[in-house]
Amino acid sequence: MSFDGITILANEKNAEAVKAAKILKEKVEKRFPIFEKESITSNSLVFILGGDGTVLRYSKSIADKNPLIVGINFGHLGFLSPYDFKDIDTFLEDIFDGRFYIMKRNLSMVSGKFGEHLFLNDFLVQRDIHSHLINATISIDGVLMGSVICDGMLVSTSTGSTAYNLSAGGPIIDPKAPVLSIVPMMAHTLLKTPVIVSTERKVEIKIEPRNEESYFALSDGDIIDRYKNIEIFEITGTEKYVKFICDYSKDFFKIVNQKLAWGARNGFGEYLN
């Protein structure tokens with residue numbers, strides 16, 4: 001399979017990933033031109049070496065160029081980086097011969113007085129550590145769903161369902177599902193059930209702090225701003241997406257089984273095959 005060129009991006013804080021990037025470059029530079037990040041095209045192949053956080057950060061930064069992305073895992077879970085570097089020769093051969101499928105992961109957007117921010121994983125609004133609980137009012141397509149006193153509200157994409165959403169008690173979502181998960185954080189109520197809505201809907205979160213105490217908003221872990229007054233955040237799906245190359249043997253639900261202990265027979269971590 002032909003590509004315009006290849007770009008290799010690695011987590012510079014991970015010595016193993018940096019070393020592997022040099023080895024990878026030696027293996028591919030005789031076959032395709034090596035592009036710097038600024039020269040990426042829509043027919044470029046971009047290898048990202050690191051954990052899911054590294055893949056998330058780099059893939060968002062080049063999303064407007066819409067290249068094909070290969071995540072090579074040097075982290076923990078590897079939902080966005082399913083390839084293992086020890087299998088480098090095998091997966092390079094598969095990729096160059098076209099034996100892969102493409103997973104399109106859509107970006108969502110949060111907007112407000114601050115402007116607009118795209119997110120691939122999640123949007124979070126949360127009280128500061130020394131502040132009281134905040135009141136969050138949720139509306140869907142302009143229709144009031146309810147209000148809850150809580151630490152904050154987390155809105156995740158299907159891609160982000162296995163990230164903070166999972167830790168917060170949210171559901172695991174098929175990455176092909178065009179939905180958003182809404183999870184109240186440490187809600188002061190007996191009803192804390194996450195809500196799943198279509199990305200075609202508009203989610204509105206109105207935050208009312210107590211006594212003008214501070215709270216903050218994050219998009220994919222990057223802080224948008226801090227606030228002390230009532231703010232409204234609007235979340236919608238978008239038509240923008242990131243294209244990930246996937247190995248047929250690295251199915252999402254197989255990774256769920258292997259990494260998150262689904263199928264474990266006992267406390268010793270033996271898995272059902």
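The first residue of the sequence shown is numbered 1, and numbering continues consecutively from there.
Cation-pi contact between Arg127 and Tyr215: absent, since separation from the ring centre below 6.0 Å together with deviation from the ring axis within 45° is not met.
No salt bridge links Lys202 with Asp141; every basic N to acidic carboxylate O contact stays at or beyond 4.0 Å.
Annotation: Tyr248 is in aromatic contact with Tyr101 [ring centroid separation under 6.0 Å]. Separation of the Phe123 and Phe233 ring centroids falls under the 6.0 Å cut-off. Between Phe47 and Tyr83, the distance separating the two ring centers is not shorter than 6.0 angstrom.
Environment of NZ in Lys37: crowded, with over 12 heavy atoms of neighbouring residues, nucleotides or ligands closer than 6.0 Å. Heavy-atom neighbours of Lys243 NZ from other residues, nucleotides or ligands within 6.0 Å: above the threshold of 12. Heavy atoms of other residues, nucleotides or ligands lying less than 6.0 angstrom from CD of Glu16 number 12 at most. More than 12 non-hydrogen atoms from other residues, nucleotides or ligands lie less than 6.0 angstrom from CZ of Arg57.
A donor-acceptor distance shorter than 3.5 angstrom exists from the side chain of Ser158 to the backbone of Ala177, with no hydrogens or angles considered.
Residues meeting the ring pair (Phe, Tyr, Trp, His ring centres under 6.0 Å) test with Tyr164, sequence neighbours left out: none.
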* Starting from the C-alpha separation in whole Å, work towards a yes-or-no answer on salt bridge (Lys or Arg N to Asp or Glu O under 4.0 Å) for Asp174 and Lys176. => CA-CA 5 Å; Asp174 184 340; Lys176 292 184 178 181; over 6 Å; no
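Between Phe85 and Phe74, the two ring planes are tilted [angle within 30° to 60°].
The shortest side-chain heavy-atom distance between Ile62 and Pro67 falls under the 4.5 Å cut-off.
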